[in-house]
Amino acid sequence: MSRFDDETLMRRLDGELDAETARAVDASAAADDALAARLEVLRRAGVASRAAFPAMVDPRDADLARLIAGGDTRPARTPNRFDWRRWLTPRGVGLGAGLAVAGFAAGVVIGPMTSPEPASLVDPGGRIADRRLVQVLDRRLAGDGPDGTGRAVGLTFEATDGRWCRTFNDANAAMAGLACRADNGWAIQALAAVDSPDGEMRMAASDLPMPVLAAVDSLIAGDAVSAADEVRARDAGFR
Amino acid sequence: MDEFQSELVALLPRLRRFARVLVRSDADAQDLVQETVERALAKRRVWQPGTRLDSWSFTIMKRIFIDQTRSKGRWNRVVGPADETTIHVADPAQADEALKLDALAAREAIHGLPEDQRLAVGLVLVDGLSYAEAAEVLDVPVGTLTSRLVRGRQSLVETLNAKGVTA
């Protein structure tokens with residue numbers, strides 16, 4: 001008979017035990033199949049519960065984001081405040097780790113839609129509908145900087161599910177986002193306004209908005225690719 | 001947008017997830033999220049920068065849910081077929097069938113829990129708040145939160161076991 005009750009086992013799975021007790025539970029579970037089975041049942045119930053209620057992108061978030069942004073009466077921001085040197089630094093992604101939203105399970109969020117024509121950027125299915133931006137994502141390299149319309153790519157990386165993903169910036173719309181290659185286009189993963197330079201402290205550590213950084217951190221499998229690997233991925237159609 | 005607005009936007013998926021734990025129908029969950037956002041905006045001067053916006057927002061949602069459940073009997077609409085049979089997963093391509101079935105069963109089981117246990121399970125097991133954070137949201141001592149969480153989880157496991165999910 002195990003000396004650990006259900007509450008202790010739950011606390012172990014929730015990270016709510018002190019280190020010594022946690023080690024004691026683990027050691028007992030390693031030697032006691034019945035205890036290990038009880039832990040596994042509780043663990044699977046947790047996995048199923050989280051799968052039952054994922055935090056995920058919802059098209060209605062865009063309307064709520066506009067409602068939230070409604071109180072912002074500051075003048076329009078100047079375009080293109082991105083630091084391209086940082087975007088060209090593959091390992092710069094790590095800066096986002098500390099900014100990731102706690103409990104950010106699905107790794108996807110639609111940020112504030114403050115573009116004059118936000119509906120034209122993404123279609124209802126979550127695919128990028130802006131043809132210029134699709135072309136930029138398909139062909140442009142980070143080293144190219146922005147195109148004539150202010151659209152540009154930043155980081156390119158492989159996601160944990162094998163998809164190719166790229167961050168982008170639309171300077172004229174003052175938006176930045178993350179898109180991953182899907183069968184029929186680029187699926188939006190995160191989209192957020194780029195704050196004005198005098199806006200807030202939050203942007204000091206990075207030039208990507210927090211929702212985008214959080215999405216990158218939750219999806220990236222390793223590091224962002226080098227410039228040479230970016231060319232190879234582009235020439236292979238990001239497939 | 002300022003820090004408050006940006007953080008609130010980033011919270012929307014989590015707020016909707018918590019709302020889906022509290023109410024069954026998608027329309028009710030959307031109403032709950034909308035009302036939470038409106039109240040958060042109205043009360044934003046009460047929020048102190050540097051403190052947790054997620055806990056604060058969850059507290060607002062919990063109050064709206066409890067107030068309206070008790071005073072108006074809301075959140076009890078007829079549940080449409082889509083709400084009962086459609087399970088959303090973060091990436092349908094990745095989710096295997098077994099997990100989908102497990103998730104469907106878990107959703108039913110969680111919706112069947114008493115309200116106080118459902119709130120505890122939603123905040124800790126689903127959203128991942130610490131016991132102390134969840135207790136603060138629910139305005140109860142940590143011991144009370146823990147006891148509700150344990151009972152809710154035991155009930156959840158029993159239900160899932162009965163359905164063969166975690167056997």
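To find a chain, count down the sequence lines: A is the first, B the second, and so on, and within it residues start at 1.
With a 4.5 angstrom heavy-atom cutoff, Leu8(B) touches chain A via backbone and side-chain atoms both. At a 4.5 Å heavy-atom cutoff, the contact between Glu7(A) and chain B is made by backbone and side-chain atoms alike. Heavy atoms of Ser147(B) lying under 4.5 Å from chain A are absent altogether. Contacts between Leu41(B) and chain A at a heavy-atom distance below 4.5 Å involve the side chain alone, from C-beta outward. In this structure, chain B has heavy atoms under 4.5 Å from both the backbone and the side chain of Arg11(A). Heavy atoms of Val37(B) lying under 4.5 Å from chain A belong exclusively to its side chain.
Salt-bridge annotation for Asp139(B) and Lys62(B): absent, with no side-chain N of the basic residue lying under 4.0 Å from a carboxylate O of the acidic one. In this structure, Arg60(A) pairs ionically with Asp26(B), as a charged nitrogen and a carboxylate oxygen lie closer than 4.0 Å. Ion pair Arg52(B)/Glu133(B) flagged as a salt bridge, since at least one NZ, NE, NH1 or NH2 atom sits closer than 4.0 Å to an Asp/Glu carboxylate oxygen. Residues Glu108(B) and Arg24(B) are paired through a salt bridge, judged by an N-O separation under 4.0 Å between the basic side chain and the carboxylate. Ion pairing between Arg23(A) and Glu20(A) fails under the 4.0 Å rule for side-chain N and carboxylate O.
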Report the C-alpha separation of Trp186(A) and Phe238(A) in whole Å, then their side-chain angles, then the decisive distance to 0.1 Å, and conclude whether the ring pair (Phe, Tyr, Trp, His ring centres under 6.0 Å) test is met.
CA-CA 10 Å; Trp186(A) 290 90; Phe238(A) 294 106; 5.5 Å; yes
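Note: Val150(B) leads Val150(B), Val124(B), Val33(B) in heavy-atom pairs under 4.5 Å with chain A. Counting heavy-atom pairs closer than 4.5 Å to chain B, the top-ranked of the candidates Asp6(A), Leu13(A), Leu64(A), Asp14(A) is Asp14(A). Most heavy-atom pairs under 4.5 Å with chain A, from the set Ala105(B), Ala106(B), Ser130(B): that is Ala106(B).
Considering all non-hydrogen atoms of both residues, Leu113(B) and Ser155(B) come closest at CD2-OG, 3.5 Å.
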